[in-house]
Amino acid sequence: MRALFTRHGDLLLTLLALPCVVTGWWLTHALEHLLLAMVGMVMLSRLAMNVAGKWHPHLLKPFALTVTAATLIPLLALLGSFVLPDSVMNYGQWARLFDHWPGQVPFYSLRPSILITLVLLLLLLLPLFPSRPGGIAPIALAMAAILTGMHLIEQHWFISLHEVSLSTLTLLAIGLLLTAEAAAQWSPHRPGATGIALAASMAVLLVLLVLWHYHNSQNIREVNQVARTRIDTLSERLGQEINVSDQAMQRFAISWDSAGGPPSSRAWTHRARRLVEHFGYMKTIAYISRQGPRIMHAYPRRTNQPLLGHHVLSNDDDDALAGALRGKASATGMVNLTNGGRGVILYQPVRDLDSTAIHGAAAFVVDPARLFATLDDARDNHDFRIRVMQGGDTLYSSDTRDTLSMLEHCNILQLGQSNFTICAEASYARLFDERSKLPAIVLITGLIFTWMIYLLMYFHHRLRRRHSGIKDANYRLRGEVEKRIALHQEVEWLAQHDELTGLPNRRYFSQWVDALDASRPRTVILLDIDHFKQINDQLGHPTGDDYLKRVAHRLQALVTANGGLLARFGGEEFIACLPGVTPGKAAEIGEQLRHGIERLALPRHDARAPVTISAGLITTRRASDALSDLIQTADQALYRAKLAGRNRVEVAGALDARPPETQED
Ligand SMILES: Nc1nc2c(ncn2[C@@H]2O[C@H](COP(=O)(O)OP(=O)(O)OP(=O)(O)O)[C@@H](O)[C@H]2O)c(=O)[nH]1
């Protein structure tokens, strides 16, 4: 089971996303269907690439690439809708592209957020990277995970204008695809540590997302401001309109002052018609006589005929009417009208010209819904919905076919004794048009920049690792070569020296002598430690070895000082060659050597005298004299020295009884 998961974990996790997408389609709102379809396509494409890569590349690769391309096109279109300037493709054109999407849901409500669109793009494209388990993919995966996280933060904590929120099932499907990608990338043999490059580029990405968020919310605020400005303008215009109509009503009431009595029905109809025709929202203008008080005239007469002559009994408007009959302009709140409907009644006193006596009141029935409707030009462009409310009732609502954003701004407006709430809600279409493309462009450019930072650092890191690998190998190689050279030198040295005393051996000695200038005289001296066998036997071999070394050291110092070479000849025997030395000088050096050892004062086995040496010496000037002959002659001289009692130097003049110079002749 574990092996199966290790080998096919990514495939299994991708497959698990399938039930989430299918169930999500049935359970989530139609607004989320485009997003779910995209998630499903990405999942299918990854599945196909996975299966093709593992089992049938030849058969399935073309199919997988076709699915990928088919998914890539709508995803790129969605991304384009965030970044392409309106001059290239405006909102209407984008909306038409997605017009045929089932469910009649407008494009801006269907569209996934830019963050999720980017996540889906990354998840779609990741399987295409050839160096997938290598260095390039981890940054894309990390980016996708962080962008998803950022979307969730935006969704839960910040205002989004018209982006689809992720439902749990959609989020689960995206989470599974991310995990599948992580499983695909995970490998125990992954090359190099990418940690530093990843951490650095993620830090850049986080800064970028904070910047993007700042820009985005700034833009949303600006768009928000559009709705606020709209409602402010509308409220101002309404205020002005109410003022104008108020002044018109005052003038109308005053116009009866010179009439010298209550207005006639004809005159009332004549003047009231002009006012009603001018202010379309005035439903009725009635004259209420003080006696009764009762309704004497009303325009339009046709709809108000049943009211004529009626006592005004309504409790609601008692106060307002009483105020007017006392000479004070007043108004009701929103009241139920006797002949049906609702409205606000504004009263103006009607007086005599001469006396200030009030003989009645002019009642203006205003239909607020009509008042607001005359001002609201939003009906034509569907950009905003204007609503007028009082208490819990909506008195007026402009029609808009578009889905509205949650951005709503309201003002309070007074008409008569009533407060009305007037609100403007911007449509998504309007907000979509208002939104700047800049934050999205900054985000995408930043992502590319982050990616490049990662690549630079990653390849720099890899090159450095390779370089240090080569350096290590070089270093090891150099160490090996040095070791071998040392070994070789040791072997060479051993081939030419004696290990115990460190002196040159016979071979080296022969080569050295052969290389000498043949025209110069040379002396060969054979030296032998006296009674060495007894020393060895009685003082022990280690002491014997020690004596050998000390004798060798002293002899070498003396011979070298005279320009010669000393070698170990074998056992306790040494041989020296002194070039360019006269026979007299040679005999003298021979004596120096003998004395030198004596002066070492090495205790002998019998402790009666110090260790001594005997030497046989031969000097020749003849180039033809072979070294072996010279050695033999010196050996004979040595033999004579031993016979003569040891601790002495015997010069081999007896070889041919002639001095070397004479022999040469
Ligand atoms: N400790 C030690 N002894 C050595 C080494 N090489 C040779 N010998 C000994 O040197 C001794 C040489 O003895 P002999 O050739 O009989 O000569 P000798 O005892 O010096 O007597 P004379 O030469 O006649 O004075 C032998 O006992 C060897 O074992 C060595 O490298 N180390």
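Atoms within each ligand, like the ligands themselves, are counted from 1 in listed order.
- Of the protein's heavy atoms, Asp545 OD1, 2.9 Å lies nearest to atom 32 (N) of ligand 1.
- Between the side chain of Arg568 and the backbone N or O of Gly571 there is at least one donor-acceptor pair closer than 3.5 Å.
- Considering backbone and side-chain N/O of Phe532, one or more are found under 3.5 Å from N/O of ligand 1.
- Among protein heavy atoms, the minimum distance from atom 7 (C) of ligand 1 is reached at Gly571 CA, 3.4 Å.
- Side-chain atoms of His497 come within 3.5 Å of backbone atoms of Trp493 as a donor-acceptor pair (strictly under, hydrogens ignored).
- Regarding atom 24 (O) of ligand 1, its nearest protein heavy-atom neighbour is Arg646 NH2, 2.9 Å.
- Interface of Gly544 with ligand 1, defined as ligand atoms under 4.0 Å from a residue heavy atom, comprises 1 (N).
- When Arg568, Glu499, Gln534, Lys533 are checked for heavy-atom proximity to atom 5 (C) of ligand 1, Arg568 turns out nearest.
- Looking at Arg484 and Glu480, a side-chain N of the basic residue comes within less than 4.0 Å of a carboxylate O on the acidic one, giving a salt bridge.
- Under the 3.5 Å distance criterion, with hydrogens and angles disregarded, a donor-acceptor pair is assigned to the side chains of Asp530 and Ser614.
- Heavy-atom contacts of Asp530 reach the following atoms of ligand 1: 25 (O) (cutoff under 4.0 Å).
- Without hydrogens or angle criteria, Thr560 side chain to Ala557 main chain gives no donor-acceptor distance under 3.5 Å.
- At a 4.0 Å cut-off, not a single heavy atom of Glu573 sits close enough to ligand 1 to count as contact.
- Scanning Lys642, His531, Glu572 for the heavy atom closest to atom 15 (O) of ligand 1 points to Glu572.
- The option with the heavy atom closest to atom 2 (C) of ligand 1, from among Asn536, Thr612, Ile529, Thr501, is Asn536.
- Of the possible polar contacts, one joining the Asn505 side chain to the Arg507 backbone as a donor-acceptor pair under 3.5 Å is found.
- For ligand 1, the atoms closer than 4.0 angstrom to any heavy atom of Asp528 are 23 (O).
- In this view, Asn647 and Arg594, Glu598 satisfy the side-chain hydrogen bond (donor to acceptor under 3.5 Å, both in side chains) rule, not counting sequence neighbours.
- Partner Asp528 forms a salt bridge (charged side-chain N to carboxylate O under 4.0 Å, His left out) with one of Lys642, Arg648, Arg646 and no other, that one being Lys642.
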